[in-house]
2 protein chains.
Amino acid sequence: MAGIEEVARLAGVSTATVSRALSGNVHVSPATRSKVEAAALELDYVVSSNASSLASGRTRNIAVVVPFLARWFFSSVLEGVQSALLRHGYDLTLYNLSGDADERHSVFEHFLLRQRVDAVIAISLELTEAEVKRLHTLAKPLVGIGGPISGVRTLSIDDTLIARLATEHLISLGHTEIAHIGGSPEFDLDFHMSTNRRLGYESALEAAGLAADPASFAPADFTIHGGYHAAKQLLGAPQGRPTAVFASSDEMAIGAILAARDLGLVVPRDVSIVGVDDHDLSDFFGLTTVAQFPRGQGEMAVEILMEELKPTTEAAPAAPALPYELIVRSSTAVPPA
Amino acid sequence: MAGIEEVARLAGVSTATVSRALSGNVHVSPATRSKVEAAALELDYVVSSNASSLASGRTRNIAVVVPFLARWFFSSVLEGVQSALLRHGYDLTLYNLSGDADERHSVFEHFLLRQRVDAVIAISLELTEAEVKRLHTLAKPLVGIGGPISGVRTLSIDDTLIARLATEHLISLGHTEIAHIGGSPEFDLDFHMSTNRRLGYESALEAAGLAADPASFAPADFTIHGGYHAAKQLLGAPQGRPTAVFASSDEMAIGAILAARDLGLVVPRDVSIVGVDDHDLSDFFGLTTVAQFPRGQGEMAVEILMEELKPTTEAAPAAPALPYELIVRSSTAVPPA
DNA sequence: CTGAAAGCGCTAACAA
DNA sequence: TTGTTAGCGCTTTCAG
């Protein structure tokens, strides 16, 4: 735990020079720099981030706020954020809001205000106005991932387009009876993501001259379990079952595949199924899906933030559109004759 | 962003008193305390953690190091750690080592040394001697979860006992042909966890007078996919298939259930399957399993640390044994007649 | 129980 | 390019 003073002494320079040489931002003569670096290495010197933060006002630490941890999408985004941050020399302080309301409240009223972070990344969070205001009093850059927060720059995939693409894939195979498993209305967590995907589905149908029968919609909770039950309802309907199902998430789509199997239906011969995500398990189940790339989304959020934190930057950089891609596997085919 | 000075002025006391009143550790007269609290509330005052840390040497921040993020066990432990930490007013700084070796190196040589944390929790990490030494030079409390690190206090489940319990469940149902899907040897990540579970399985067999045939073992990688392929091998063996399978993780067990189905076997009529974990999906698949409770493990690690960080505490508190429990669902039954 | 004052370890003007 | 110096905002002796 050597301090900057000892390094300065060993290198034969002042502490200010050590600071400059090690931070790399300011000009220092190459000779001095290497002397300092050698001394630092020899003494195992690592700056105290607290002292540095206090003096400079920069913490090199980013807060990441998530609504869940143990779900594929969130942990994948987090992975991307983490590794990008590490590359930039930043720490990641994690706040998970899946606890009770008090917990959430204290995160916004207390934890985030401790001046411990330079910026915050909010993943798929529906923030209340009070919360957004709180964050704004922080006067720190804030970027959201996964759905528009009013007044906050957000990386967001185009849910309508994604859903439309998935549905069009089914239509192009010849399906006309296409059911949809989407989020139940409570899922406002996801900012109308559910609604937008449903709208995309409906618009694809309409564009093909097909009717969007309300009976072809089954709500679920984005889990395999939920998708399974929703699919059972849809596929077991006595008045004739759909030949294809578009599920708003891969987990629900996998549930649907399992439900079809349990009903004795063969996928894709009897029923085609598409999801959204490209979840870890999707390849295993041969699920056709519209991939989004959560790791990449996390990394992108970090790049935007880094850009914004550079003292040189003026305007906040714009958020580019997020990529997505139809991946056709073995869960979709032409409808039964 | 009011400072302590303003609070002091508003409350009509000195900054020292504000500090004392708000930290709560030292004695302050009730009247003064409430005056200070009112002033702090009015000004929306929140201490600057950097200044506080620098002055006191305590950061109220814990580092958590994980080898993966997007896996059920790790994200569940992390969830437990996070919520317990929040309750105690601590921040959580996350380091995920799933990147390359350089990343890992820089975490240990750089990030963890910045004096940003009071302690570190290492989840299922096989640390090299150099890494442990590094951490010890930190002179910070360190607790591991999930497997013994030499010289580090670790919360660890008894893998041998767990495996034995699962196997005994099968034996007590009357099974004598019991196969095992375990970790492949490379999985040293998990500290001989794989080996220990295999030993537990074998010892249960021996105790029942059954032979542990090496042909009844299939290695896999702890995923559904891996479990599926391993189970296919086991259940498709032409020289007679086992009537039961013990898998070292629920994900592998679920893979085995799916493999059995694909082979036209009915679980549990034709083959019984047990796992370990009580994964999120296990209930859905009706999987009998030995539950471990990762959230609880995370919380426990935090409690131990908090105890240790209390200035009053002398000896490091002992780590209690971790609970586990056999949960019988519908994937196990007596063997076919 | 409370106040005054000396730092915690570093960075950033300002000079030289 | 480098050194000097004054803090960053709080905590903690040490007095009173």
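Naming convention: chains lettered A, B, ... in sequence-line order (proteins, then strands); numbering from 1 in each chain.
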Colleague: What is the distance, to the nearest angstrom, from the CD1 atom on Ile4(A) to the P atom on dT4(D)?
Modeller: 14 Å
Colleague: On DNA chain C, compare the nucleotides closest to Ala55(B) and Pro30(B); which residue's is nearer the 5' end?
Modeller: Pro30(B)
Colleague: Has Thr17(A) got a side-chain N or O lying under 4.0 Å from the OP1 or OP2 atom of dG3(D)?
Modeller: yes
Colleague: Among Thr17(A), Val18(A), Thr15(A), which one satisfies side chain to side chain contact (heavy atoms under 4.5 Å, CB included) with Val7(A)?
Modeller: Val18(A)
Colleague: Is there a donor-acceptor contact under 3.5 Å from the side chain of Thr154(A) to the main chain of Val152(A)?
Modeller: yes
Colleague: Would you kindly compare Val47(B) and Ser29(A) by the position of their nearest DNA chain D nucleotide and give the one closer to the 5′ end?
Modeller: Ser29(A)
Colleague: Rounding to a whole Å, what distance do you find between Leu22(B):CG and dT12(D):P?
Modeller: 13 Å
Colleague: Give the first and the last nucleotide of DNA chain C, reading 5' to 3', that has any atom under 4.0 Å from a heavy atom of chain A.
Modeller: dG9(C) to dA13(C)
Colleague: Please determine whether a side-chain nitrogen or oxygen atom of Ser19(B) lies at a distance below 4.0 Å from atom OP1 or OP2 of dT11(D).
Modeller: yes
Colleague: Determine whether a donor-acceptor pair (N or O, by modelled atom type, separation under 3.5 Å) exists between the side chain of Asp118(A) and the backbone of Thr59(A).
Modeller: yes
Colleague: Under 4.0 angstrom, heavy atoms only, what part of the nucleic acid is Thr32(A) near: base, sugar-phosphate, or nothing?
Modeller: sugar-phosphate
Colleague: Give a yes or no on whether the backbone of Gly146(B) and the side-chain of Ser156(B) come within a donor-acceptor separation of less than 3.5 Å.
Modeller: no
Colleague: Regarding Ser49(A) and Ser52(A), is there a side-chain donor-to-acceptor distance under 3.5 Å anywhere?
Modeller: no
Colleague: So if I take every side-chain heavy atom of Ser56(B) and compare against dG9(D), dT12(D), dG3(D), which nucleotide ends up nearest?
Modeller: dT12(D)
Colleague: Just so I know, are the side chains of Ile4(A) and Val47(A) near enough to count as touching, which here means a heavy-atom distance under 4.5 Å?
Modeller: no
Colleague: Rounded to whole angstrom units, what separation is found between the CG atom of Leu54(B) and the P atom of dG9(D)?
Modeller: 12 Å
Colleague: Does a side-chain N or O from Ser48(B) land closer than 4.0 Å to OP1 or OP2 of dG9(D), or not?
Modeller: no
Colleague: Mind checking the OG-CG spacing from Ser48(B) to Leu113(A)? Nearest 0.5 Å is all I need.
Modeller: 12.0 Å
Colleague: Using a 4.0 Å heavy-atom cut-off across all strands, classify Val13(B) as base, sugar-phosphate, or nothing.
Modeller: sugar-phosphate
Colleague: From CD of Glu5(B) over to P of dG7(D), roughly how many Å is that when rounded to an integer?
Modeller: 13 Å
Colleague: At 4.0 Å (heavy atoms only), tell me whether Arg33(A) reaches a base, stays on the sugar-phosphate, or touches nothing.
Modeller: nothing
Colleague: Nearest whole angstrom, please: distance from the C1' of dT11(D) to the CG of Asn50(A).
Modeller: 13 Å
Colleague: Which of the following nucleotides, dT2(D), dT12(D), dC10(D), is nearest to the side chain of Arg20(B)?
Modeller: dT12(D)
Colleague: Report the distance from atom NE2 of His27(B) to atom C1' of dT13(D), rounded to the nearest whole Å.
Modeller: 19 Å
